[in-house]
Each structure stands twice: as C-alpha cells, then as structure tokens.
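Report on one structure; see the data block that follows.
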Amino acid sequence: MAQVVAANGSATGSPFCAVSGKKLTEKLKQTSFPAKVLDRKDRKQNERRLHSVPVVARKSVEVLPVTAEDVPKTGEEELQQLRGITQLVDASVGMWSKLSARRKTKIVCTIGPSTNTRDMIWKLAEAGMNVARLNMSHGDHTSHQKVIDLVKEYNAQSKDNVIAIMLDTKGPEVRSGDLPQPITLTTGQEFTFTIKRGVGTETCVSVNYDDFVNDVEVGDMLLVDGGMMSLIVKSKTEDSVKCEVVDGGELKSRRHLNVRGKSATLPSITEKDWDDIKFGVENQVDFYAVSFVKDAKVVHELKDYLHSCNADIHVIVKIESADSIPNLHSIITASDGAMVARGDLGAELPIEEVPLLQEEIIRICRSMGKAVIVATNMLESMIVHPTPTRAEVSDIAIAVREGADAVMLSGETAHGKFPLKAVKVMHTVALRTEATMMGGGEKPANLGQVFKNHMSEMFAFHATMMSNTLGTSIVVFTRTGFMSILLSHYRPSGTIFAFTDDERVRQRLALYQGVCPIYMKFSEDAEATFESALSYLQKQGMVKDGEEVALVQSGRQPIWRLQSTHNIQVRKV
Ligand SMILES: Nc1ncnc2c1ncn2[C@@H]1O[C@H](COP(=O)(O)OP(=O)(O)O)[C@@H](O)[C@H]1O
Ligand SMILES: C=C(OP(=O)(O)O)C(=O)O
C-alpha cells in the first residue's frame, strides 16, 4: 500500500497538506539552498529581480577565479574575497561548511601529470572535484593504479566527501605518432601520414591505425587535434596518405586525427580497451566512459561482460562519433548515461552542430532518467592562463542551465598550469548559475509521464513537488542508489541527502546532480534509522534545528523489507 505520511517531531504528526495559510507563506519565504547563496537582504526582492532581470550580477556571489594553491603568492585581497564566500555559510561543519559541497552540478576532473600526486588529489577534492577521470589514451596501468589508490585513500579517510572514479577507454581513436619535438605545419605545404611505425620527421608522421589508408579518400578533410590544424588528402599509396596543409599550426606527439564526416571502421571496444576494462573491474571503478560508441550493441556487450564477472560498474557512452547520431536513442537507452564529447564530435561533424547536439543529448538523457556529462574545452584557455575567457564562463553556465549532471575538465586539470583555479572557476560559475534556477530549472516536458505507472517514480515525482513547495531538502535511504538517482532526475530545488549502507553506491552517487551521498549503517528499525540520519544532518549543520525535511521511504529495494509501504513524510528536525 502506498501512503503519504507527514510527521511533526514524530511519525504521527499532522498531514502535510495541513501546512497552509500563514505557515505555508512563511515556509515559502524560507531560504532554500539557492536563496542561501543569494540571500543578503530581502529574499523577496531578490526573487523579483530574478524574474525581471535574470542575469543581473549580484555582489553576494562573484566569479572568483582564484585559489591560493595554484599561485602561492596570491594577493591577500583575493584571499579575503574567497574567505568572504566561505563566510556566507552558516554554522556547518566539515565538508558541508564549503560551498563546493552545496553545488548541485558535479565536476569531473581528468587526472594527469599536473594532478596525479597525493597533495593535488586532496586539493582537487577539497576544491570541488566530484569525479576523477582516468583517460586510458595516456599513461599506463601503473600510473592509473596510483591515482585510483589515492582517490580510494581520500574516500576512506574523508567522512563527509566522496570522489567517484571514471575510467575513460581509449577506443578506436586515430592518433598521430610520437615526435621527438613539436613540428610546425605551414599552410600550403605537403605533409604525409604513414602507417609505418616510428616515423616522425618535419614532413611525415606515423598514424596508429593500419586501415587509415583504406578509410580515407582523396578530397577528404583531415582534422588534427580537434581541428586546430586541417589538411586535405591529395593522393594515397599502399602505406601513406599525402596531404596539403589547409590550416597550419604546431603538431605535437599523439594528437587526434579525424576525417570530417566519417568514423573509423574499427570496433568501439578494441583489444586494448578490453584490457583496460578488466583493469577497471579489478579496481572496482565506478564508471566506464566508453569512447566512440556507434550503436547499442557494444553497450549490451560490455554490460553482459560486466554482468558475467559480477561487476557493478555503470556505463557512460561517449557521443563523439558521426555514426552514433542516428542511433542516439537506442545507445542512450542501453547505457547508464552519456557524455557529450565535444572534441571528437566537433571534428567528425560540422562544428556548428555541436551546441545543438549538446542540447539534444541532454534532453534525451533527462527524459530517460540517465546521467549526462558535458565535456571538452570548457575552460581550455586556463590550461595556460590564470583566468577564463568570458565565452568559457558562458559555456559552463549554459551546460548548467540545460540540466547537465556534470561538467568536465580535461587538459585544464590533466596537464594545465592552473588546475585548482580551473575547478574553482567551474564551481563558482555553476553555483552562481544554479542560484538563478529556482525550482531546479526547466523540466523535460515528459518527466513524470514516462514513469507514471511505477510506484517509485511516482514517489520521486511527488516528493520533488512536495519539497519544492515547502522549500525543504529531501532525505532518502538507498541500498542501490536507484531512488536517489530517480529523485535527482526530477531536479528538486533542495539537496537530496542520500543515505546508503554501501560504500560503492555512495561513491557512484557523487556524479548525480543535486545528490549529497552519505554512508550510514541502517538499523532494522525504520524509526531508529530516520533518527540517526536526521541527527547526522543536524550535527554536520546540513539542516538546522526546527527545519523541515522531506523524508522518502521507497525504491525497488526498500531498506525495511518487511514493510511494503512507500512513505513521504515531512519531519521537523
Ligand atoms: N594520464 C595521463 N598521463 C599523461 N598525460 C595525460 C594523462 N591524461 C591526460 N593527459 C594529457 O592531458 C591532455 C588532455 O586530456 P584529455 O582531453 O583527456 O586527452 P585527449 O584529448 O588527448 O584524449 C592529453 O592530450 C594529454 O596531453
Ligand atoms: C572527451 C572527449 O574524448 P577524449 O578526451 O578521450 O578525446 C572528446 O573528444 O571530447
């Protein structure tokens, strides 16, 4: 039987619909999370401003592309500004005292030479990294193992913060070979790509893919490094492709090669990928990001493999290949989420298609209740500069507004000069943007419709409506993560405090928009479990004395198995 119960202090209080009149008005005025960020004077005034001029800059939260860590000699004034932001937070303790914990949109950081030390992993985590990404196109198992161990060490010692691990497969990508030093390609010059190994001269370089010569045709446009350079194919031999440089530039080692409008005729999961996937299983990573997925078949193949080795790892498909576009629906249906991999996507397809596809992929994922990540070039200029371009700031804001679960940093954190600053900028821009998205932003038109025949989905939908109306956060108990992921997709305004008794579920939930995962042992007794959850939230300053929370007891695997009831309660702490 399903029921909606409201409790005031105890489980038997007045029904939530009784909250009306003056009390309801007060509740609606209460500061929900976005208002906490904005609230300096009168919340109502702020709200009015939000409706009339949504993009007015406010003093209370500023974009502060500054961290003391990236530049040791950061001026005292800048540090004061940073402290100012922290002071906006009330009496919370631990990670919750940091605004980074309250941001809803999550941040994925690619770990590389700039960040693969203990010190930097800790600093990234404290600055706001939610997911550590290992790109298997670079490094080896020894170097990736070291990073995995460090992230796990951080998770084990951090009681109130958790970082998920994402292993990104190399896939059938085509790259130029190693060069002793970068070479300059000049517009109009002749340049050759060869399938012979180990060539790296001023006029010819190896390609890592034997069928390259068969896949390209005279007249094809080759894009190097995501389009930084381009060359037109003039002629072919058995082992070489002769080109003329159209747009020149500096060619470094192991750069991406794409043929405009074409995907390589290679399987999406190569032998190397299978080897890396096994490495991921052994290390119990949380997510695979699978490169160059072209159809759903490969996702099923990977899922079957994971099932056969009893590995609970979620599969994020990278949408980056021209061939994937006609199959978007079936690919995303088969997966646990998608990444808009704009680098290769913008090389295989005309670049002007990228923002449209980004919007479409986010829309599809959100309507299906799947996670979605926007990736590549988000703060590209910060690889070498300490501040972002205004266009980059807008790009982050757009991804947040479109409803992405996460935004991703690649070279910025892997080999950039200012990895911590990049995370801070991403965090601040996301947080600032979220503050203007009252009610969690735009909802996909069919949300709440697709799932309406399922009890859990119904509860997620109504718990969201209820918590939005009352201005409360949501507390959910989950063994598999299912119910909190479901709630996340309804994008409630308040934080989703997801209590789980499984460390791996806690780690995985770090990717999902608005979810704050918390580990807790469950008691056999529902009431005792509720009490200890609320007491934890209170101790951490996550909820205040007298504040109300919406408490959800539902899901495919209810934690109190003897009870078949589903509950939404409103409780006063
Ligand atoms: N594990 C690693 N080891 C060495 N360098 C790395 C590593 N991960 C990333 N990088 C560097 O950071 C750059 C940007 O990362 P990313 O966007 O993930 O790679 P790419 O676009 O080359 O697939 C890479 O081109 C590479 O130079
Ligand atoms: C994320 C991407 O993939 P990778 O960094 O592995 O090339 C991309 O192409 O945008």
Side-chain angles (χ1 to χ4, degrees), residues 108-117 120-121 124 131-148 150-151 165-179 182 208 223-228 250-258 263-264 268-270 272-273 276 279 287-293 316-322 324 337-349 351 353-355 357-358 361 372-384 395 399 404 406-419 422:
V108 181
C109 297
T110 305
I111 306 299
S114 298
T115 43
N116 60 11
T117 60
M120 286 305 287
I121 300 276
L124 283 175
V131 180
R133 168 182 178 250
L134 308 172
N135 186 350
M136 304 311 274
S137 299
H138 307 281
D140 53 19
H141 284 189
T142 314
S143 62
H144 291 304
Q145 181 75 57
K146 187 182 144 207
V147 175
I148 292 173
L150 286 170
V151 174
I165 301 170
M166 176 179 285
L167 185 153
D168 194 323
T169 62
K170 180 173 154 67
E173 60 179 18
V174 182
R175 286 197 189 239
S176 58
D178 278 308
L179 287 165
N208 69 343
L223 300 181
V224 183
D225 217 357
M228 301 310 282
E250 194 180 59
L251 178 64
K252 296 183 191 157
S253 290
R254 283 178 289 119
R255 294 301 91 194
H256 279 266
L257 281 185
N258 300 91
S263 302
S268 294
I269 302 183
T270 64
K272 171 184 164 43
D273 294 336
D276 293 339
F279 171 76
F287 298 98
Y288 290 117
V290 189
S291 296
F292 294 99
V293 172
I316 305 288
V317 285
K318 286 171 72 182
I319 306 298
E320 55 187 339
S321 131
S324 70
M339 180 194 291
V340 190
R342 303 184 300 184
D344 285 295
L345 193 59
E348 287 204 8
L349 291 172
I351 205 144
E353 298 300 324
V354 173
L357 282 166
Q358 171 176 322
I361 294 163
V372 58
I373 305 167
V374 174
T376 307
N377 301 143
M378 297 211 87
L379 287 171
E380 187 77 10
S381 72
M382 290 194 76
I383 292 176
V384 287
D395 185 40
V407 279
M408 188 169 113
L409 293 168
S410 305
E412 299 90 335
T413 46
H415 70 158
K417 277 164 79 177
F418 305 100

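Note that ligands are numbered from 1 as they come in the structure, with each ligand's atoms numbered from 1 the same way. Predicted model only: the values in this text are computed from it and were never measured. For reference, positions follow the sequence shown, starting with 1.
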Looking at ligand 2, does any of its N/O atoms fall within less than 3.5 Å of an N/O of R175?
no

At their closest point, which heavy atom of L167 faces which heavy atom of M136, and how far apart are they?
CD2-CG, 3.6 Å

For atom 5 (O) of ligand 2, the option (of M339, M136, R133, E173) bearing the nearest heavy atom
R133

Indicate yes or no: at least one non-hydrogen side-chain atom of R342 is less than 4.5 angstrom from one of V374.
yes

Donor-acceptor contact below 3.5 Å, side chain T110 vs main chain L409
yes

In this structure, atom 20 (P) of ligand 1 is nearest to the protein heavy atom R175 NH2, 3.5 Å

Could you say whether the N/O atoms of S291 and ligand 2 ever approach to under 3.5 Å?
no

Between CZ of R133 and CE of M408, what distance do you get to the nearest 0.5 Å?
3.5 Å

By number and element, which atoms of ligand 1 are closer than 4.0 Å to a non-hydrogen atom of I111?
1 (N), 8 (N)

Contact between K170 and ligand 2, counting heavy atoms under 4.0 Å?
no

Pull out every atom of ligand 1 sitting under 4.0 Å from any heavy atom of A414, numbered as shown with elements.
9 (C), 10 (N), 12 (O)

Just distances here: any N/O of E320 and N/O of ligand 2 closer than 3.5 Å?
yes

Measuring from the heavy atoms of P113, does anything fall under 4.0 Å of ligand 1?
yes

Ligand 2 N/O within reach of S137 N/O, cut-off under 3.5 Å:
no

Can a donor-acceptor pair be found, under 3.5 Å and without considering hydrogens, that links the side chain of T115 to the backbone of T413?
yes

For ligand 1, which part of H144 has a heavy atom less than 4.0 Å away: the side chain, the backbone, both, or neither?
side chain

I'd like to know if the side chain of E320 and the backbone of A341 have a donor-acceptor N/O pair within less than 3.5 Å.
no

Determine whether a donor-acceptor pair (N or O, by modelled atom type, separation under 3.5 Å) exists between the side chain of E173 and the backbone of G171.
no

Under a 4.0 angstrom heavy-atom cut-off, which atoms of ligand 1 come close to R255?
25 (O), 27 (O)

Evaluate the side-chain proximity of I373 to V340: yes if any heavy-atom separation is below 4.5 Å, no if none is.
no

Can you see which heavy atom on F418 is nearest to which on M382, and at what distance?
CD1-O, 3.7 Å

Quick one: look up the protein heavy atom nearest atom 17 (O) of ligand 1 and list residue, atom name and how far away it is.
S410 CB, 3.2 Å

Within ligand 2, which atoms have a heavy atom of R342 less than 4.0 Å away?
10 (O)

Pair D276 + K170, salt bridge at N-O below 4.0 Å:
no

Taking side-chain contact (heavy atoms from CB on, under 4.5 Å) as the test, write out the residues that go with K252, two or more places apart.
P182, E250, R255

Just let me know how T376 lines up against ligand 1, side chain, backbone, both or neither, with a heavy-atom cut-off below 4.0 Å.
neither

Compute the shortest N/O to N/O distance between T110 and ligand 1 and return yes if it is under 3.5 Å, no if not.
no

When you measure from atom 2 (C) of ligand 1 to every protein heavy atom, which one gives the shortest distance, and what is it?
H138 CB, 3.4 Å

Does only the side chain of N135 get under 4.0 Å from ligand 2, or the backbone, or both, or neither? Count heavy atoms.
side chain

About how many Å separate CZ of R175 and CG of D178, when rounded to the nearest 0.5 Å?
10.5 Å

Do me a favour and list the nearest non-hydrogen protein atom to atom 13 (C) of ligand 1 with residue, atom name and distance?
H415 NE2, 3.8 Å

Distance to 0.1 Å, residue and atom name: give those for the protein heavy atom nearest to atom 6 (O) of ligand 2.
K318 NZ, 2.8 Å

Going by the 4.0 angstrom heavy-atom rule, the piece of T376 near ligand 2 is side chain

I want to know if ligand 1 touches E173 in the polar sense, i.e. an N/O pair below 3.5 angstrom.
no

Got a donor-acceptor contact below 3.5 angstrom from the D168 side chain to the L134 backbone?
no

For atom 21 (O) of ligand 1, what's the nearest protein heavy-atom neighbour? Residue, atom name and distance, please.
H256 NE2, 3.5 Å

May I ask you to decide if A347's main-chain N or O and H256's side chain share a donor-acceptor pair within less than 3.5 Å?
no

Do any heavy atoms of M408 fall under 4.0 Å from ligand 1?
no

Atoms in ligand 1 flagged as close to G411, the criterion being non-hydrogen separation under 4.0 Å
14 (C), 15 (O)

ring-ring contact (aromatic ring centres under 6.0 Å, His included) partners for H415, two or more places apart
none

Which pair of heavy atoms, one from N116 and one from I111, lies closest together, and at what distance?
CA-CG2, 3.8 Å

Please report whether ligand 1 has a polar contact with N135, defined as an N or O pair separated by less than 3.5 Å (distance criterion only).
yes

If we only count N/O pairs under 3.5 Å, is G343 in contact with ligand 2?
yes

